[in-house]
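In the text below, chain A, chain B and the rest are named by the order of the sequence lines, each starting its count at 1.
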Amino acid sequence: MYGRRNVVIIGSGPAGLTAALYAARANLTPLVIEGVEAGGQLMLTTAVENFPGFTDGIMGPDLMAAMRAQAERFGAEMVRGNVSKVDLSRAPFTITVDEGMVEARALIIATGASAKLLGLPSERRLMGHGVSTCATCDGFFFRGKPIAVIGGGDSALEEATFLTRFASHVTLIHRRDTLRASKIMQDKAFANPKISFAWDTEVLDVQDGGGGGVTGLALRNVKTQVESTLPVEGVFVAIGHEPNTSLFKGQLDMNAAGYLITQGGAKTNVHGVFACGDVQDHIYRQAITAAGSGCMAAIDAERYLEHLGH
Amino acid sequence: MASENVQTYSDGNFDADVLQAATPVLVDFWAEWCGPCRAMEPAIDSVAADYKGKVAVGKLNVDDNPSVTMKYMVRGIPTVMLFKGGQIVDQVVGAVDKGVLKQMLDRHV
């Protein structure tokens, strides 16, 4: 129903939208399939303070709206669907979008990464009833209540700091005795009187006391093996991300963690298929590096199509 | 940008329009400030059109309707609940695509 396109981009975070901007300006009229997590991870953040050009910072959703509008201004077409299947065995590649279908002469994959969970059955059962992976979505529900954040990286500390706006107290639970997070985020969190730290601690279970809403966490100190209970009404899981690559299993080369492997720019192992952003980057994972790699993917796709004689 | 097929539920009409409804009712708990909720709007609009007459589909703003939100212990959005005969028969938390909503409806309708 979308016909055959020069360039199809799957994903609409900073990588996908920058690829769309460059491909549109190269007159390739790209089609962007935005996906269920349209706008990407920045839609779940508040102020972005490290995107160059915004002296006073910018709200994540506002930055994404601006990127989307900029790509559209040059002729990128947006589809608010979700891709359920791709066939990369021959060009043009076929992409199934909800009930529709599109063929792509060149494909740019920018499906990003999504929040990882601990993997406890109780965690899944209580998702939306006290367990969350999105502080900006769900912080509101915990006004005046004690909560916990699990993790030790930048996103865990950012969530903990943000959640002190609502919560009576935030306990940060981390498996180690040092944080992975950047110095500036650590200083902010250490200085916040509403945040305390449970070091060397793992979560054994999320408890609900039979009431269907979180009441506490069963914890264990990994050094002393001492077990304890922390009474909280909310648990925010921020233990990292995993790449959204299940669509491409068996079709594209990935590393052991499932990240797409790119080389010579944004090229995957299939000619005409390019990847950018967090789906192929487990190291930098910044909005600006995602945007930069989106630009690379668009230029690589443009050269590929030129070579085919588009 | 809610489509004409999508109802608006509230603390005031929830009992009559959802719990007492003759058909199953799909309720999307959402808020203005929730990015993933907005990303899910097209999927909600689309199932509302596809299941018209078989399932009522509507949205409940959690900011404006604390009593229903608290009653069902919604502490994360988007949350979509399917009600049948006044009872929750299924639910899904987080932004999902149309396929997931359809599977949920087809299991129960």
- Query: Should F141(A) and I77(B) count as side-chain neighbours, where that means a heavy-atom distance under 4.5 Å?
  - Reply: yes
- Query: Between R80(A) and R38(B), which heavy-atom pair has the shortest distance, and what is it?
  - Reply: NH2-O, 3.1 Å
- Task: Side chain from CB out, backbone as N, CA, C, O: work out which of these in Y72(B) comes under 4.5 Å of a heavy atom of chain A, or both, or neither.
- Result: backbone
- Item | Region of S132(A) that comes under 4.5 Å of a non-hydrogen atom in chain B | neither
- Region of V62(B) in contact with chain A, defined by heavy-atom distances below 4.5 Å: both
- Note on the structure: chain B shares the most heavy-atom pairs under 4.5 Å, among A38(A), C137(A), G234(A), with C137(A)
- Where is the tightest heavy-atom contact between V93(B) and G128(A), given as atom of each residue plus distance? CG1-CA, 3.7 Å
- Side chain, backbone, both or neither: which part of T69(B) has an atom under 4.5 Å from a heavy atom of chain A? side chain
- Item | Flag side-chain contact, heavy atom, 4.5 Å: E37(A) against M40(B) | no
- Part of E233(A) within contact of chain B (heavy atom distance under 4.5 Å): both
- Query: Among C37(B), A39(B), P78(B), which has the most heavy-atom pairs under 4.5 Å with chain A?
  - Reply: A39(B)
- Could you tell me which portion of M73(B) (side chain, backbone, both or neither) has an atom closer than 4.5 angstrom to a non-hydrogen atom of chain A? both
- Smallest separation among heavy atoms of G35(B) and M43(A), with atom names: CA-CE, 4.3 Å
